[in-house]
Amino acid sequence: MPELPEVEIIKQSLQKSVINKKINKVLIKNRNLRFRIQRGLEKELNNNKINHISRKSKYLIIHFKNKRFLVIHFGMTGTLHLIKKKKNYQNTNLSFYHSTNLPKKHNHIVFFFDNFKLIYNDPRRFGFIKFFFNKNELLRYFANKGLEPLDSSFNLEYVKKKILNRKKNIKNIFLDQSLISGIGNIYANEILYYSKINPNKKVNKLKDDEIKKIIKFSKYVLKQAIYKGGSSIKDFKNIKGNSGSYQKEFRVYDREGESCSTKNCIGTIKKILISNRSTFLCKYCQK
DNA sequence: CCGTTAACCTGAGAGC
DNA sequence: TGCTCTCAGGTTAACG
């Protein structure tokens, strides 16, 4: 499901509900996510109070009062559901593929709080959770991840350093989380369209002003997407069950055959494959 | 070290 | 209806 903007929306909606709340109990129904869930994790989480929630690229980080951390990655189809206990409770209806009911079959983890429970649901099980006993462990885990574009240090100097002597094309650079983090297939396509760069362009051919454009539009597209509540393609909804609307702003992603939206451009959006991932572009605009 | 590919999963939608 | 096939917001182990 989520790239950086969607995880940011999850963070914001989660923050309103769980700050200072204590986990009473954790039930893990299926430990086999992308990575097998650590043994004894339930015990570590029991009676822990949440201090705050943060996000790093596509990762959600739960900070506990006792200085321990739980990291959640949502893979392709992971979602969090907040279910209130009260009688006229509002089922969050964070349904998968438009189903109106919670797909209980894929509820893998349940966090119980006093007045609500939080459910991690993930049909494809590409997501994962990981517990850290201290800040050093946490920092070590993120040490080999690249900066996200919204970081203030994400600038020309940084990107040039990261792509130095690389032979990959710019699209694959965007998807390589050790170089640039937080961007996935949707936003890579959108950013390159705005930057007027062909996704297949080798990074060693990029001029400084092209890199500057990429940096500028990386920040722009991600901020816009957050402002619009993220993108809801099939199943993304925030913690309250509301959809985002950035998908309405897509210029190229999933718009094969449509006219290019750049003024006076006669191009049509094409779909090609790069490293086996769908890539959308206007060949007239993007050089 | 670098770049590419296959593998991990389930479900929706298209085509027949 | 129902079968088969392709495709989907991601990451990483394994290989050349």
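Reckoned from all heavy atoms, side chains included, excluding hydrogens, waters and symmetry mates. A note on names: the letters A, B, ... follow the listed sequences, proteins ahead of strands, and every chain is numbered from 1. Please read these numbers as outputs of a predicted model, since none were measured by experiment.
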C/dT11, OP1 or OP2 - any side-chain N/O from A/Lys58 closer than 4.0 Å?
yes
Check whether the side chains of A/Ser57 and A/Lys145 place a donor and an acceptor atom closer than 3.5 Å, and report yes or no.
no
Write out a two-atom table: protein N or O, nucleotide N or O from nucleotides 2-6 of chain B, distance below 3.5 Å.
unit_1: B/dG3; atom_1: OP1; unit_2: A/Lys167; atom_2: N; d: 2.8
unit_1: B/dG3; atom_1: OP2; unit_2: A/Arg166; atom_2: NH1; d: 2.5

A/Leu175 atom CG is separated from C/dA8 atom C1', nearest whole Å, by 14 Å
Heavy-atom donor-acceptor pair, A/Arg251 side chain to A/Glu249 backbone, under 3.5 Å
yes
Rounded off to whole Å, could you give me the CD1-to-C1' distance for the A/Ile186 and C/dC7 pair?
14 Å
Determine: side-chain N/O of A/Gln177 to OP1/OP2 of C/dG10, distance under 4.0 Å, yes or no.
no
Any salt bridge linking A/Arg140 with A/Glu137? Criterion: basic side-chain nitrogen under 4.0 Å from a carboxylate oxygen.
no
Are any of A/Arg125's side-chain N or O atoms less than 4.0 Å away from OP1 or OP2 of B/dT10?
yes
Under a 3.5 Å threshold, yes or no: a donor from one side chain and an acceptor from the other, between A/Thr79 and A/His81?
yes
Distance, rounded to the nearest Å, where A/Phe174 contributes CZ and C/dT11 contributes P:
15 Å
Check whether any side-chain nitrogen or oxygen of A/His73 sits under 4.0 Å from OP1 or OP2 of C/dT11, and answer yes or no.
yes
Between C/dT11 atom C1' and A/Ile72 atom CD1, what is the distance in whole Å?
17 Å
So with a 6.0 Å cut-off around OH of A/Tyr227, is the heavy-atom count from everything else above 12?
no
Can A/Phe126 be called stacked on B/dC8 when the rule is centres closer than 5.5 Å and an angle between planes below 30°?
yes
Return no unless some side-chain N or O of A/Arg277 is found under 4.0 Å from OP1 or OP2 of C/dG10.
yes
Could you check whether any side-chain heavy atom of A/Ile109 comes within less than 4.5 Å of a side-chain heavy atom of A/Ile37, counting everything from C-beta outward?
yes
Give a yes/no answer on whether the side chain of A/Thr77 brings an N or O atom under 4.0 Å of OP1 or OP2 in B/dC9.
no
Which atom pairs link the protein and nucleotides 12-16 of chain C when you take only N or O atoms and keep those under 3.5 Å?
unit_1: C/dT12; atom_1: O4'; unit_2: A/Arg34; atom_2: NH2; d: 3.0

Using a strict threshold of under 4.0 Å (side-chain N to carboxylate O), is an ion pair present between A/Arg31 and A/Glu42?
yes
If Ile, Leu, Val, Met, Phe, Trp and Tyr residues are connected whenever their side-chain heavy atoms lie under 4.5 Å apart, and connections chain through other members, are A/Ile9 and A/Ile61 in the same group?
no
Side-chain contact, heavy-atom cut-off 4.5 Å: A/Arg55 with A/Leu4?
yes
Which nucleotide sits closest to the side chain of A/His106: B/dC9, B/dG11, C/dG10?
B/dG11
Measure CZ/A/Phe74 against P/C/dG10 and give the value in whole Å, please.
14 Å
In whole angstrom, give the distance that lies between atom CZ of A/Phe142 and atom C1' of C/dT11.
14 Å
Roughly how far apart, to the nearest Å, are B/dT5 and C/dC7 at atom P?
16 Å
Whether the A/Asn20 and A/Lys65 side chains hold a donor-acceptor pair (N or O, under 3.5 Å, no angle test) is what I'd like checked.
yes
Do A/Tyr246 and A/Glu6 have side-chain atoms, one donor and one acceptor, less than 3.5 Å apart?
no
Residue pair A/Asn48 / A/Leu70, side-chain heavy-atom distance below 4.5 Å
no
Measure from NZ on A/Lys130 to P on C/dG10 and round the result to the nearest Å.
21 Å
Mind calculating the distance between CG (A/Leu273) and P (C/dT6) to the nearest angstrom?
13 Å
Which stems, defined as runs of 3 or more consecutive Watson-Crick or G-U wobble pairs with both pairing distances under 3.5 Å, involve DNA chain B?
B:2-8 with C:10-16, B:10-16 with C:2-8
